[in-house]
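We use all heavy atoms of the structure for the numbers below, so side chains are in, but hydrogens, waters and symmetry mates are not. When a ligand or atom number is given, it counts from 1 through the structure's own listing order. The model shown is predicted, which means the values in this text are computed figures rather than measured ones. We count residues from 1, following the sequence as given.
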Amino acid sequence: MWRGLWTLAAQAARGPRRLCTRRSSGAPAPGSGATIFALSSGQGRCGIAVIRTSGPSSGHALRILTAARDLPPARHASLRLLSDPRSGEPLDRALVLWFPGPRSFTGEDCVEFHVHGGPAVVSGVLQALGSVPGLRPAEAGEFTRRAFANGKLNLTEVEGLADLIHAETEAQRRQALRQLDGELGHLCCGWAETLTKALAHVEAYIDFGEDDNLEEGVLEQADMEVRALEVALGAHLRDARRGQRLRSGAHVVVTGPPNAGKSSLVNLLSRKPVSIVSPEPGTTRDVLETPVDLAGFPVLLSDTAGLREGVGLVEQEGVRRARERLEQADLILAMLDASDLASPSSCNFLATVVASVGAQSPSDSSQRLLLVLNKSDLLSPKGPGPRPDLPPHLLLSCLTGEGLDGLLEALRKELAAVCGDPSTGSPLLTRARHQHHLQGCLDALGHYKQSKDLALAAEALRVARGHLTQLTGGGGTEEILDIIFRDFCVGK
Ligand SMILES: Nc1nc2c(ncn2[C@@H]2O[C@H](COP(=O)(O)OP(=O)(O)OP(=O)(O)O)[C@@H](O)[C@H]2O)c(=O)[nH]1
Ligand SMILES: [K+]
Ligand SMILES: [Mg+2]
């Protein structure tokens with residue numbers, strides 16, 4: 001009888017079937033839902049605009065607009081004259097593509113019209129489509145919703161697609177593409193399969209524990225699998241904030257004593273005059289925030305007031321805001337005037353801000369810091385360099401641009417550590433939702449280990465697995481029943 005169990009375990013390990021399925025499989029139910037249409041390319045005058053439809057009446061709409069009895073060959077671009085079905089008036093000579101379901105983006109019958117991008121052409125074709133019975137304009141995100149409902153994309157892939165459309169920097173694009181390719185989903189599905197296996201072992205023990213035929217070590221096997229999973233989940237959760245930072249931008253804060261050249265650096269990095277630069281110490285008061293692409297990483301760069309005590313009320317408030325912002329920084333750009341290192345404000349800054357960040361033990365939540373000595377152009381070429389007791393630093397001149405390449409390279413390395421490098425390593429958790437479910441899974445595994453009662457232990461495994469399936473948007477306990485009855489040969 002228990003051959004069945006081990007066959008199951010072996011199969012699950014090899015993964016011949018998808019235990020972690022997408023929402024459903026195959027073609028949509030025939031005649032399900034309306035056929036939707038929309039302009040899929042951007043609004044406004046352009047060379048080519050793409051209008052698409054999805055749903056059972058797509059083929060009909062294509063035939064009506066091209067006044068043709070037959071559909072063009074599937075998945076091949078064909079040049080066709082489009083006419084208004086009501087008046088017969090020609091609208092455009094366009095490329096049309098016919099994607100019969102289920103081999104289409106949504107899994108339904110789809111059509112793409114690649115028309116000339118003039119507003120009158122686009123609105124003419126949209127109106128013509130609207131006049132075809134069974135067609136209606138699509139709602140926001142409805143094509144992707146249908147792709148999800150039809151099992152073409154799981155939830156993390158849907159999120160990856162959304163991120164790809166919104167990606168503004170290279171690193172964001174890489175991360176989104178990996179998620180759209182299903183890397184995070186596959187990882188979770190693999191974990192869910194491990195839990196399904198462990199659950200099958202525990203349930204087998206509950207039902208047949210007294211059975212002499214039960215192979216030994218079934219529960220130990222489940223415990224081992226759970227322990228290995230805990231380690232994997234823990235590693236991913238330690239990295240948890242990185243993917244989210246890459247999605248929404250890392251907080252980089254420029255700080256230092258007055259007149260170090262902080263605003264000059266912010267303007268240099270953002271390539272626009274964000275902040276006022278002047279020889280007067282205490283120029284910057286408010287926190288000035290600007291989004292920039294630094295070496296391919298999305299960054300929210302903040303300029304802040306120079307740190308000093310005993311100044312007027314307004315500047316004091318500026319200093320308070322600067323310190324507050326500093327606490328939220330993922331990466332601190334600490335700046336000093338290289339020609340003024342012996343001044344009390346420089347010494348104080350080194351002893352407080354720089355020393356305290358340097359003393360943090362490295363962990364995901366700890367801040368990173370780059371020390372930059374600006375105004376290197378003021379140092380005499382022959383004279384002694386900056387103080388020998390300084391922590392590691394970079395020399396820069398915002399005036400001449402010397403040292404900027406070195407700073408950008410150092411920033412790239414720091415940001416890769418802060419955001420994770422999407423070209424290498426395991427897929428990152430890009431949303432708080434991912435973190436929530438992985439943490440939920442890990443907590444449930446903790447309950448599993450503490451449970452003295454096997455029924456409660458099995459329930460904990462079900463909760464843990466539920467979190468993983470929710471992460472990819474699947475769900476249901478049908479699959480475990482399926483496995484027990486089909487692979488265990490119960491009743492044989
Ligand atoms: N020689 C030289 N002068 C610089 C350099 N960078 C900035 N300055 C000058 O230093 C002065 C102060 O620059 P800011 O950018 O306003 O300095 P800050 O740190 O923002 O000053 P606060 O906002 O007042 O704290 C200005 O006169 C700049 O032109 C540099 O690399 N070399
Ligand atoms: K200044
Ligand atoms: Mg300033």
Are any of the N/O atoms on [X], whether in the backbone or the side chain, positioned under 3.5 angstrom from an N/O atom of ligand 1?
X	value
Ile276	no
Ala305	no
Thr304	no
Ser278	yes
Ala260	yes
Leu378	no
Leu399	yes
Ser376	no

With a 3.5 Å cut-off and no angle check, do the side chains of [X] and [Y] form a donor-acceptor pair?
X	Y	result
His434	Glu159	yes
Gln435	Gln244	yes
Asp293	Thr169	no

I'd like to know if the side chain of [X] reaches the main chain of [Y], judged simply by a donor and an acceptor atom lying under 3.5 Å from each other, with no hydrogens or angles considered.
X	Y	value
Arg285	Gly282	yes
Glu157	Phe148	no
Ser346	Asp340	yes
Arg245	Val418	yes

Using a 4.0 Å cutoff against the non-hydrogen atoms of [X], which atoms of ligand 1 qualify?
X	value
Gly306	25 (O)
Asp377	1 (N), 2 (C), 30 (C), 31 (O), 32 (N)
Glu280	24 (O)
Pro281	24 (O)

Protein heavy atom at shortest distance from [atom]:
atom	value
atom 23 (O) of ligand 1	Thr284 OG1, 2.9 Å
atom 31 (O) of ligand 1	Cys398 N, 2.9 Å
atom 4 (C) of ligand 1	Lys375 CE, 3.7 Å
atom 25 (O) of ligand 1	Lys262 NZ, 2.8 Å
atom 6 (N) of ligand 1	Asn374 ND2, 3.1 Å
atom 22 (P) of ligand 1	Asn259 N, 3.7 Å
atom 29 (O) of ligand 1	Val277 CG1, 3.8 Å

Would you say that more than 12 heavy atoms from the other residues, nucleotides or ligands in this model lie under 6.0 Å from the [atom1] of [X], or not?
X	atom1	result
Leu79	CG	yes
His447	NE2	no
Glu317	CD	yes

Does ligand 1 have an atom that lies less than 4.0 angstrom from a heavy atom of Met335?
no
So does Thr304 have any N/O/S atom less than 2.8 Å away from the Mg ion (ligand 3)?
no
Does the shortest distance from the Mg ion (ligand 3) to an N/O/S atom of Asn259 fall below 2.8 Å?
no
Does NZ or CZ of Arg52 come closer than 6.0 Å to the centre of the six-membered ring of Phe143, within 45° of the ring's axis?
yes
For the pair Arg320 and Glu309, evaluate salt bridge (Lys or Arg N to Asp or Glu O under 4.0 Å) and give the outcome as yes or no after the intermediate values.
CA-CA 10 Å; Arg320 191 193 64 75; Glu309 310 297 333; over 6 Å; no
His467 pairs by side-chain hydrogen bond (donor to acceptor under 3.5 Å, both in side chains) with which of His437, Gln439, His436?
His437
Vertex the K ion (ligand 2), arms to Thr283 OG1 and Asn259 OD1, rounded to 10°:
140°
Test Asp330 against Arg368 for salt bridge (Lys or Arg N to Asp or Glu O under 4.0 Å), laying out the working first.
CA-CA 6 Å; Asp330 297 312; Arg368 305 182 71 93; over 6 Å; no
What part of Ser264 sits under 4.0 Å from ligand 1 if we count only heavy atoms: the side chain, the backbone, both or neither?
both
With heavy atoms only and a cut-off of under 4.0 Å, state how Thr283 meets ligand 1: side chain, backbone, both or neither.
both
Would Ser263 count as a contact for the K ion (ligand 2), in the sense that one of its N, O or S atoms lies under 3.4 Å from it?
no
Assess whether a salt bridge exists between Arg136 and Glu142, defined as any Lys/Arg side-chain N lying under 4.0 Å from an Asp/Glu carboxylate O.
yes
Looking only at N, O or S atoms, which one in Glu280 sits nearest to the K ion (ligand 2)?
O
Working note: Ser275 + Thr284, criterion side-chain hydrogen bond (donor to acceptor under 3.5 Å, both in side chains); need CA distance, chi angles, decisive distance, verdict.
CA-CA 7 Å; Ser275 300; Thr284 306; 5.2 Å; no
To check your reading of the site, what angle at the Mg ion (ligand 3) do OG of Ser263 and OG1 of Thr284 form, to 10°?
90°
